[in-house]
Amino acid sequence: MSSAVVIGGGPAGLIAAEEMARAGVAVTVYDRMPSVGRKFLLAGHGGLNLTHTEDRAAFLARYGRSADVLAPMLDVFGPQELRDWCASLGEPTFVGSSGRVFPRSFRATPLVRAWLARLADLGVRIERRTRWTGWTDAGLALARADGEPMEVAGDVVVFALGGASWPRLGSDGGWVDPFTDRGVAVTPLRPANVGVRVRWSGVFADRFEGTPLKNVGLSVRGRPGATSHGDAMVTRTGIEGGPVYAIGAAIRDGLDADGRCVLEVDLRPTLTVDQLAERLERRRPKDSASNWLRRSLGLDPVGIGLLRESGALPTDPTQTARLVKAVPVVATGTMPLERAISTAGGIAWSEVDDALMLRRLPGTFVAGEMLDWEAPTGGYLLQASFSTGVVAARGALAWLQRDPTG
């Protein structure tokens, strides 16, 4: 019987283990935490958004610069395959109003419990509290929680160690140095799906910290196409939420280029400048600026406060309308990596073949967030993690079945 070692017990590693075990391979998963799937379980606190049902072109566009390389992997194991897999574990899915897909139980725990039971039935061994530390001449070097070293080997190896976000859950990016020492090119790990820093005035931060900006449009000045909409959240030191995460790559590009990035917040995305100006022309003589904006446009206090953060409010209806459609917010940086939901960067695509095998280490495969891709929240992160895990596993199986004599 062939053997496989999987390093990392997140979704990518566990689905790779399942795929190989189904083919009759003896699989052992090593994870440094006391239990596997911790980040997966954390995602379940918000309902466990597994994937999305939007059309293929829009879906692929969420992966930005990595869309073309991920496309064939999403064809191998895409949204429908992921939903079928969940149903096979007794956890059927449903589609929310936004097109997001959730398990019917709306929780991760039942799914993980059923998954671990299946893996056990398939003979997959899971060794917890065991950290990978590098390579030896004969295989892989690991260390148990008490520091005791050990060495393991497999006919194939799949690495699925995640990025560097949520280090307390196991993904700390500690794999980067051993891989670069072996000559593997790794794009620096950076925060993705993370809030941005804004130097709010003390008055604004005190009053509106924790207040949502509901149904706003968001764009990056000077970067066409970097637009999003939804509910953002004002924090004491900046702004975060889905619309921010969706244009995170463009925000980072702006910060890299200029050290600052101007976001433009559209407080009324369903109305044009002309429509807003027409409403603003009906100002009552005794209306204060706040009452004018509230009565004419229905702006709430946080929206009015955001307008005031940009400077003195214009009195001309057209100028005010233009400001409402593009309130400038200067981002000076992102929150740190440990505050991020996911990671950008990772092993360069040039280092792996179409089966996700490392060109420098034949028989060694990589899956999940270790690879250099990113995506916004909304099911895209988990979907690509599962997809790359399946592709890596099938690549490993093909490697095991090759004819060594050529």
Side-chain angles (χ1 to χ4, degrees), residues 46 61-65 163-167 171 173 187-267 269 300 302-311 323-346 369 372-378 380-381:
R62 305 293 185 175
Y63 296 98
R65 290 183 282 261
S165 60
W166 295 94
S171 298
T187 304
L189 301 181
R190 305 181 65 186
N193 289 301
V194 68
V196 297
R197 297 185 183 277
V198 179
R199 296 192 180 101
W200 303 125
S201 67
V203 172
F204 184 84
D206 287 343
R207 183 175 180 188
F208 296 113
E209 176 185 5
T211 304
L213 287 162
K214 289 190 168 294
N215 192 28
V216 297
L218 205 62
S219 59
V220 179
R221 182 180 291 176
R223 296 185 182 273
T227 61
S228 61
H229 70 275
D231 295 347
M233 179 68 71
V234 174
T235 68
R236 182 152 199 90
T237 55
I239 186 171
E240 61 183 38
V244 179
Y245 306 157
I247 56 174
I251 293 172
R252 284 200 316 272
D253 288 346
L255 291 169
D256 289 344
D258 304 318
R260 65 198 290 273
C261 177
V262 180
L263 310 182
E264 293 183 341
V265 181
D266 184 348
L267 294 172
D300 57 10
V302 68
I304 296 169
L306 190 70
L307 286 169
R308 293 187 183 280
E309 283 291 288
S310 66
L323 180 61
V324 169
K325 293 291 290 181
V327 187
V329 174
V330 179
T332 59
T334 66
M335 296 301 177
L337 194 51
E338 58 269 20
R339 292 275 301 276
I341 293 173
S342 61
T343 305
E369 278 194 68
D372 185 11
W373 62 273
E374 64 177 299
T377 55
Y380 311 104
L381 291 167

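Atom set for the values below is all heavy atoms of this structure, side chains included, hydrogens, waters and symmetry mates excluded. Position 1 is the first residue of the sequence; numbering continues from there.
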Under the side-chain contact (heavy atoms from CB on, under 4.5 Å) rule, collect the residues that match up with Ala375, sequence neighbours excluded.
-> Tyr63, Trp373, Tyr380, Leu381
Do Arg339 and Thr334 pass the side-chain contact (heavy atoms from CB on, under 4.5 Å) test, and can you show the C-alpha distance, the side-chain angles, and the key distance before you say yes or no?
-> CA-CA 9 Å; Arg339 292 275 301 276; Thr334 66; over 6 Å; no
Begin from the C-alpha positions of Leu213 and Val302 and carry the test side-chain contact (heavy atoms from CB on, under 4.5 Å) through to its verdict.
-> CA-CA 7 Å; Leu213 287 162; Val302 68; 3.9 Å; yes
Got a donor-acceptor contact below 3.5 angstrom from the Ser165 side chain to the Ile341 backbone?
-> yes
Thr343 side chain to Glu374 side chain, donor-acceptor N/O pair below 3.5 angstrom | no
Distance col, row Ile251:CD1 vs Arg223:CZ, nearest 0.5 angstrom, shows 10.5 Å
CZ of Arg236 to CZ of Phe208: how many Å apart, nearest 0.5 Å?
-> 13.0 Å
Which atoms form the tightest heavy-atom contact between Lys325 and Asp266, and what is the distance?
-> NZ-OD2, 2.8 Å
Looking only at atom types and distance, does a side-chain atom of Trp200 sit under 3.5 Å from a main-chain N or O of Leu306, one as donor and one as acceptor?
-> no
Does CZ belonging to Arg260 count more than 12 external heavy atoms closer than 6.0 Å?
-> no
Ala331 and Val198 have their tightest heavy-atom pair at CA-CG2, 4.4 Å
Distance col, row Leu337:CG vs Arg190:CZ, nearest 0.5 angstrom, shows 10.5 Å
Taking the side chain as C-beta and beyond, is there a heavy-atom pair between Ser171 and Glu369 under 4.5 Å?
-> no
Any chance you could measure Leu263, atom CG, to Ile239, atom CD1, to the nearest 0.5 Å?
-> 7.0 Å
Considering all heavy atoms, the nearest Ala344-Ala192 contact | N-CB, 3.8 Å
Non-hydrogen side-chain atoms of Ser201 and Glu309 separated by less than 4.5 Å = yes
Taking only residues two or more places apart in sequence, or in another chain, which ones meet Thr187 in a side chain to side chain donor-acceptor pair (under 3.5 Å)?
-> Asp372
Identify the two heavy atoms, one from Pro269 and one from Leu267, that lie closest to each other, and give their separation to 0.1 Å.
-> CD-C, 3.6 Å
Could you tell me whether a side-chain N or O of Asn193 sits under 3.5 Å from a main-chain N or O of Thr377, the two making a donor and an acceptor?
-> yes
Between CG of Leu218 and NE2 of His229, what distance do you get to the nearest 0.5 Å?
-> 11.5 Å
Please round to the nearest 0.5 Å and tell me the distance separating atom CG of Leu255 and atom SG of Cys261.
-> 5.5 Å
Any donor-acceptor N/O pair, Ser219 side chain to Thr227 backbone, under 3.5 Å | no
Salt-bridge criterion met for Arg252 and Asp258 (N-O under 4.0 Å) | no
Any side-chain heavy atom of Val324 sitting closer than 4.5 Å to one from Leu307?
-> yes
Nearest heavy-atom approach of Val234 to Phe204 is CG1-CE2, 3.7 Å
Tell me, please, which residues at least two apart from Glu338 pass salt bridge (charged side-chain N to carboxylate O under 4.0 Å, His left out).
-> none
Minimum heavy-atom separation for Arg199 to Thr332, with atom names?
-> NH1-CG2, 3.3 Å
